[in-house]
There are 2 protein chains.
Amino acid sequence: MRIAELSRRTGVPVPTIKYYLREGLLPAGELTSPNQARYGEVHLHRLRLVRALVEVGGLSIAAVRDVLGALDDPEKSLHKAMGTVERAVVGTGESPTDEVAHAEARAFVERQGWTYRPHSDAFQSLVNVIVTARELGHESFIAQLDGYARAARPLAEQDLDYALSAPTKDAAMEIVVLGTVLGDAAFAVVRRLARREASGLRQDRAQAEQDCDQAEQDCDRDEQDR
Amino acid sequence: MRIAELSRRTGVPVPTIKYYLREGLLPAGELTSPNQARYGEVHLHRLRLVRALVEVGGLSIAAVRDVLGALDDPEKSLHKAMGTVERAVVGTGESPTDEVAHAEARAFVERQGWTYRPHSDAFQSLVNVIVTARELGHESFIAQLDGYARAARPLAEQDLDYALSAPTKDAAMEIVVLGTVLGDAAFAVVRRLARREASGLRQDRAQAEQDCDQAEQDCDRDEQDR
DNA sequence: TACTATCGGATAGTTACACTGTCCATTCTG
DNA sequence: CAGAATGGACAGTGTAACTATCCGATAGTA
């Protein structure tokens with residue numbers, strides 16, 4: 001297929017596809033003449049993957065390039081590719097150098113029985129979050145993390161099972177990428193749905209106790225319009 | 001305090017603080033003269049909150065404005081404020097109008113015993129995720145969602161308990177905001193830590209079975225440097 | 001073969017966002 | 001009282017992600 005069909009089947013404008021080609025997010029098509037190229041299903045799939053990473057995952061073009069590089073590297077183990085993807089997902093890596101927050105983060109990971117890796121991106125991000133919470137006077141937020149870990153543990157096992165169920169290594173690599181990027185988005189959404197539900201139930205219960213009919217009628221009004 | 005001290009205590013440059021004032025993210029200081037203003041602890045805290053939303057949460061300035069508006073609205077219930085915050089967190093709301101994906105999303109929420117609210121932002125985001133997974137040929141990804149829901153359910157209860165533990169309504173509102181924005185970031189990090197740990201364990205186990213020493217030595221090399 | 005639409009490729013331009021810099025009259029500080 | 005800092009207005013900057021225009025060269029149709 002030619003570039004126009006690639007565009008039609010994905011909804012991505014032709015100039016944008018050309019831009020991705022320039023940026024190395026898409027491999028060049030097979031040249032049939034000096035200025036005619038043909039694209040295949042691989043390009044189609046890759047283009048969709050790029051859009052998923054950009055739109056759902058919110059990755060920058062540069063981050064997408066890194067992720068795709070890891071995907072295409074036949075040397076990389078699943079475990080390592082996971083690291084590359086996660087590095088691309090997290091934002092800018094600052095180093096606040098807050099002793100107390102660092103110690104709290106360390107205590108947390110060790111309490112979970114996890115290895116303390118102070119220079120990993122994930123650990124730095126954790127310190128960042130704790131610093132932010134502390135600056136805002138929410139020291140008790142840290143206590144929430146243990147609950148998070150309790151929820152995250154089976155999820156991590158599930159993610160791995162899913163990735164290892166892939167028939168080929170390439171498929172497994174892609175699942176790791178999507179499991180991270182789509183998975184984060186999906187979990188955030190599911191969490192919101194769960195919270196909305198729980199919040200609604202509790203509000204109803206509180207209202208029943210107070211016999212407050214007035215509040216009930218506009219309970220879910222703001223999410224019905226549009 | 002004056003603007004310079006606000007800047008010093010938060011690390012935010014003075015021109016940026018002026019910009020936030022212009023954009024309505026910070027309330028104006030108390031004017032002591034036609035061109036002198038004084039700022040208090042409220043401004044300091046609000047500025048830190050803005051930075052947290054922007055840097056950790058990745059919100060745009062416009063989204064921050066919306067969130068703060070909900071925070072400052074004394075009429076809003078916790079339940080409603082939650083909706084506003086979540087709307088600010090999600091990206092652009094497209095409408096892919098994919099019948100199959102929509103049906104799958106509906107089946108999922110109803111399987112969870114949740115109310116089917118097809119026009120809520122969360123549901124739309126869910127449809128988006130499913131569409132993306134399907135386009136990429138990962139239909140089985142949808143099966144992962146039930147596991148996500150199992151993990152999200154106690155988390156939602158925990159979030160609510162935490163929010164309702166706040167002494168005042170204003171404090172509860174802020175916890176809702178931070179619980180959403182910081183909470184998403186925190187959970188993503190914790191999930192990564194858990195996955196890294198699980199992946200490492202399995203890789204070790206696999207290596208032990210295969211007695212493959214060569215692979216072991218570079219197992220965690222890529223995360224030790226830098 | 002003519003003729004028109006489309007192609008690939010290169011280059012330049014646009015838009016949106018989040019700041020950042022400059023100016024000036026006024027006010028604080030030593 | 002002198003020199004630094006302030007608030008406020010407004011213009012400028014940098015970056016990221018496209019988007020538009022141009023070109024000569026096919027591709028498809030008649």
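Chain identifiers are assigned alphabetically (A, B, ...) following the order of the sequence lines, protein sequences preceding nucleic acid strands; residue numbering begins at 1 within each chain.
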Original post:
Bend angle of the helix from C:dT1-D:dA30 to C:dG30-D:dC1 from five-pair axes at both ends, rounded to 10°?
Top reply: 10°

**OP:** Hey, which sits more toward the 5' end of DNA chain C by its nearest nucleotide, B:L59 or B:Q36?
**Re:** B:L59

Can you give each donor-acceptor pair under 3.5 Å made by side-chain atoms of residues 35-47 of chain B, sequence neighbours left out, with the distance rounded to 0.1 Å?
residue: B:Q36; atom: OE1; partner: B:R2; partner atom: NH1; Å: 3.2
residue: B:H43; atom: ND1; partner: B:G40; partner atom: N; Å: 3.1
residue: B:H43; atom: NE2; partner: B:P27; partner atom: O; Å: 3.4
residue: B:H43; atom: NE2; partner: B:A28; partner atom: O; Å: 3.4
residue: B:H45; atom: NE2; partner: A:L136; partner atom: O; Å: 3.3
residue: B:H45; atom: NE2; partner: B:E174; partner atom: OE2; Å: 3.2
residue: B:R46; atom: NH1; partner: B:D72; partner atom: OD2; Å: 3.3
residue: B:R46; atom: NH2; partner: B:D72; partner atom: OD1; Å: 2.8

Original post:
Do B:L78 and A:S199 have side chains that get closer than 4.5 Å, going by heavy atoms?
Top reply: no

Subject >> Quiz item: cation-pi between A:R191 and A:Y148, 6.0 Å / 45° >> reply: yes

**OP:** Could you tell me whether B:A62 contacts a base, only the sugar-phosphate backbone, or nothing, with contacts defined as non-hydrogen atoms closer than 4.0 Å?
**Re:** nothing

Subject >> Given C:dC19, C:dG8, D:dT19, the nucleotide with the shortest approach to the side chain of B:T16 >> reply: C:dC19

**OP:** Sequence neighbours left out, what pairs pass salt bridge (Lys or Arg N to Asp or Glu O under 4.0 Å) with at least one residue falling in residues 17-32 of chain B?
**Re:** B:E23-B:R65

Original post:
Is A:N35 near enough to C:dC7 that one of its side-chain N or O atoms lies under 4.0 angstrom from OP1 or OP2?
Top reply: no

**OP:** May I have the distance from B:I3 (atom CD1) to C:dG21 (atom C1'), rounded to whole angstrom?
**Re:** 14 Å

Original post:
Taking OP1 and OP2 of C:dC28, is either one under 4.0 Å from a side-chain nitrogen or oxygen of B:S33?
Top reply: yes

**OP:** Please say whether the positively charged group of A:R106, taken as NZ for Lys or CZ for Arg, lies over the ring of A:Y116, i.e. under 6.0 angstrom from the six-membered ring centre and within 45 degrees of the axis.
**Re:** yes

Subject >> Pair A:E104 + A:R134: basic N to acidic O under 4.0 Å >> reply: yes

Original post:
A:E30 has an atom CD; how far is it from atom C1' of D:dT26, in whole Å?
Top reply: 16 Å

Original post:
A:L21 near the nucleic acid: base, sugar-phosphate alone, or nothing, with a heavy-atom cut-off under 4.0 Å?
Top reply: nothing

Subject >> Interatomic distance where CZ belongs to A:R8 and C1' belongs to C:dT6 [whole Å] >> reply: 15 Å

Original post:
B:Y20 side chain N/O closer than 4.0 Å to the phosphate oxygens (OP1, OP2) of C:dC19?
Top reply: yes

Original post:
Starting at the 5' end of DNA chain C and moving along, which residue's nearest nucleotide shows up first, A:A37 or A:R22?
Top reply: A:A37

Original post:
In terms of side-chain heavy atoms of A:Y39, which of C:dG8, C:dT20, C:dT29 is nearest?
Top reply: C:dG8

